[in-house]
Amino acid sequence: MNSPFHFPSLVWDHTIAVYLFLLGISAGAAMLAVLLKRAGLAGDDPSENNVIRCTAFLAPLSIIIGLVILIFHLTKPWTFWYLMFNYSTTSIMSMGVMLFQVYMLFLMLWLAIIFHKLVARLIEKYAKLFAFVNKLIAVATKFTGLIEIILIILSVLLGAYTGFLLSALISYPMLNNPVLPILFLASGTSSGVAALIVCTLLFTKEDTHSKSLAFIHKFEVPVVCIEIFLLAAFFIGLYLGGGQKTVAFETALLSGFWANVFWIGVVGIGLVLPLILNAIANHQLKHTKGFMVFVSCLGLIGVLCLRFFILYAGQMTLA
């Protein structure tokens, strides 16, 4: 029996949606943290900055959890390491694995530079045999600027890759859309903003009026507006495409379970409600911990709904 989560043309299920959601958070958080430091707002010692501290856990952990979920979703999870060392330039999945590895390398290198004092203490206490790592970090520190620029580029590529991965499914007219990578990059940045705000406010004593949070928060509304524009471009192009693209548009947006997910979850909860709350709230309310966490959680719900909507609704119509 067909259902919103089970139908004949379904190839990728909810695991991929969660995986794409977590990758977007990692890419968005890493990019924003590097920009925060390069803007000179992380203080004299960035390792003491609460936003960067949260990024040190959030960026690697979210992508690792996403990959673990994906690995155990495979029919032969214990052979996943083949993908890690056997690359194919004709496979979008293989190129994504390569991108992930390079991204993780530069992310961990950048974090090692930021937290070099902590790394040195841990090595001295628990692993003296790895003392040479401190020398490698010292050498890498001389190239911090270059490493940060590369990490920003890799974060952008990883955010866009989540869209390229789906757009490679050419037999689905809704997914085979050039706007999708840019849309997923924007929504991934939005989720990175929201996740950083939530983690920083819930797990540290960061002042809600701090320069770091103000820097992260100022991306919130512009990114949401960009998302709205890209969603409009995505669906207008789909509607005007004719044939099965128009059928995909009507199937996804005009009726059924996934249309409700889009209009209520993506548009209502994720886009419109945060904009309205930010517009009507006074300055004092906007900088309360509860308000900031609530609005950020709405954004995360909206991005997660968008991932599920695009994945499932996009596979309901074949070319």
Side-chain angles (χ1 to χ4, degrees), residues 2-7 10 12-28 62 65-66 69 159 162-163 165-167 172 174-175 177 179-198 219-239 248-280 290-317:
N2 290 349
S3 74
F5 294 92
H6 298 91
F7 44 89
L10 182 67
W12 286 348
D13 60 10
H14 64 280
T15 304
I16 301 297
V18 175
Y19 167 68
L20 297 178
F21 174 67
L22 292 171
L23 254 64
I25 288 178
S26 179
S62 58
I65 292 173
I69 292 172
T162 59
L165 184 62
L166 294 184
S167 64
Y172 299 97
M174 181 172 161
L175 298 180
N177 192 312
V179 179
L180 196 58
I182 309 172
L183 174 61
F184 271 34
L185 172 61
S187 64
T189 304
S190 179
S191 65
V193 170
L196 278 179
I197 291 174
V198 170
F219 284 90
E220 198 168 21
V221 173
V223 171
V224 168
C225 292
I226 291 171
E227 277 188 82
I228 293 173
F229 170 77
L230 290 172
L231 278 170
F234 179 83
F235 286 112
I236 290 172
L238 201 62
Y239 177 74
F249 170 87
E250 294 173 348
T251 302
L253 288 187
L254 301 184
S255 63
F257 176 83
W258 291 112
N260 292 329
V261 169
F262 177 78
W263 293 112
I264 297 172
V266 179
V267 176
I269 296 175
L271 297 175
V272 175
L273 189 54
L275 287 176
I276 292 175
L277 290 174
N278 276 303
I280 65 175
F291 180 86
M292 293 177 71
V293 170
F294 178 67
V295 172
S296 297
C297 286
L298 292 177
L300 286 172
I301 292 170
V303 173
L304 184 59
C305 286
L306 178 63
R307 294 296 193 268
F308 270 87
F309 167 77
I310 293 291
L311 183 70
Y312 278 95
Q315 294 181 82
M316 293 180 71
T317 305

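The shown structure was predicted, so the numbers you read here are calculated from the model rather than taken from an experiment.
Residue pairs meeting the side-chain hydrogen bond (donor to acceptor under 3.5 Å, both in side chains) criterion with at least one member in residues 262-276: none, sequence neighbours excluded. Among residues at least two apart or in separate chains, side-chain hydrogen bond (donor to acceptor under 3.5 Å, both in side chains) pairs with a member in residues 227-238 are S190-E227. Sequence neighbours left out, not one pair with a member in residues 290-301 passes side-chain hydrogen bond (donor to acceptor under 3.5 Å, both in side chains).
Partners of F235 according to the ring-ring contact (aromatic ring centres under 6.0 Å, His included) rule, which considers only residues two or more places apart in sequence or in another chain, are F262. In terms of the side-chain contact (heavy atoms from CB on, under 4.5 Å) criterion, residue partners of C225 (sequence neighbours excluded) are, by chain and number, V221. Taking the ring-ring contact (aromatic ring centres under 6.0 Å, His included) definition, one finds that F229 meets it with nothing, sequence neighbours left out. With sequence neighbours left out, Y312 forms a ring-ring contact (aromatic ring centres under 6.0 Å, His included) with F5, W258. Take L254 and apply the side-chain contact (heavy atoms from CB on, under 4.5 Å) test, not counting sequence neighbours, and it matches E250. T162 is linked by a side-chain contact (heavy atoms from CB on, under 4.5 Å) to L20, L23, F184, R307, counting only residues two or more places apart in sequence or in another chain. Partners of E220 according to the side-chain hydrogen bond (donor to acceptor under 3.5 Å, both in side chains) rule, which considers only residues two or more places apart in sequence or in another chain, are H217. The ring-ring contact (aromatic ring centres under 6.0 Å, His included) test applied to F234 returns no partner, not counting sequence neighbours. By the side-chain contact (heavy atoms from CB on, under 4.5 Å) test, L273 is found to be paired with L277, L298, residues two or more places apart in sequence or in another chain being considered.
T251 places no side-chain N or O within donor-acceptor distance of the main-chain N or O of A248, the cut-off being under 3.5 Å.
Residue-environment remark: CZ (F219) exceeds the threshold of 12 foreign heavy atoms within 6.0 Å.
Heavy atoms only, all atoms of each residue included: Y172 and T317 are closest at CD2-O, 3.6 Å. Here the shortest heavy-atom pairing between C297 and V198 reads SG-CG2, 4.1 Å. Contact between A27 and G159 at its shortest, heavy atoms only, is CB-N, 3.9 Å. The minimum heavy-atom distance between L22 and I69, with the atom names listed, is CD1-CD1, 4.3 Å. Scanning all heavy atoms of the two residues, the minimum distance from A186 to I226 falls at CB-CG2, 4.2 Å. Heavy atoms only, all atoms of each residue included: G268 and P274 are closest at O-CD, 4.3 Å.
Considering only heavy atoms from C-beta on, L183 stays 4.5 Å or farther from N177 through its side chain. Side-chain contact between N278 and F291 is present, with heavy atoms from C-beta onward closer than 4.5 Å. You'll find the side chain of L300 reaches within 4.5 Å of the side chain of I25, heavy atoms only. Counting only heavy atoms from C-beta outward, the side chains of I197 and V293 never approach each other to under 4.5 Å. At a threshold of 4.5 Å between non-hydrogen side-chain atoms, the residues L165 and W12 count as touching.
With rounding to the nearest 0.5 Å, the separation of SG in C305 from CG in N260 is 11.5 Å. Interatomic distance, CG of L166 versus CD1 of I310, reported as 8.0 Å (0.5 Å rounding). Interatomic distance, L304 CG to F309 CZ, rounded to the nearest 0.5 Å: 14.0 Å.
No option in V266, I269, L306 other than I269 meets the side chain to side chain contact (heavy atoms under 4.5 Å, CB included) test with I301.
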Inset, instruction - Please report the C-alpha distance between H14 and L311 in whole Å, then the side-chain angles of each, then the deciding distance to 0.1 Å, and finally whether the side chain to side chain contact (heavy atoms under 4.5 Å, CB included) criterion is met. - result: CA-CA 8 Å; H14 64 280; L311 183 70; 5.9 Å; no
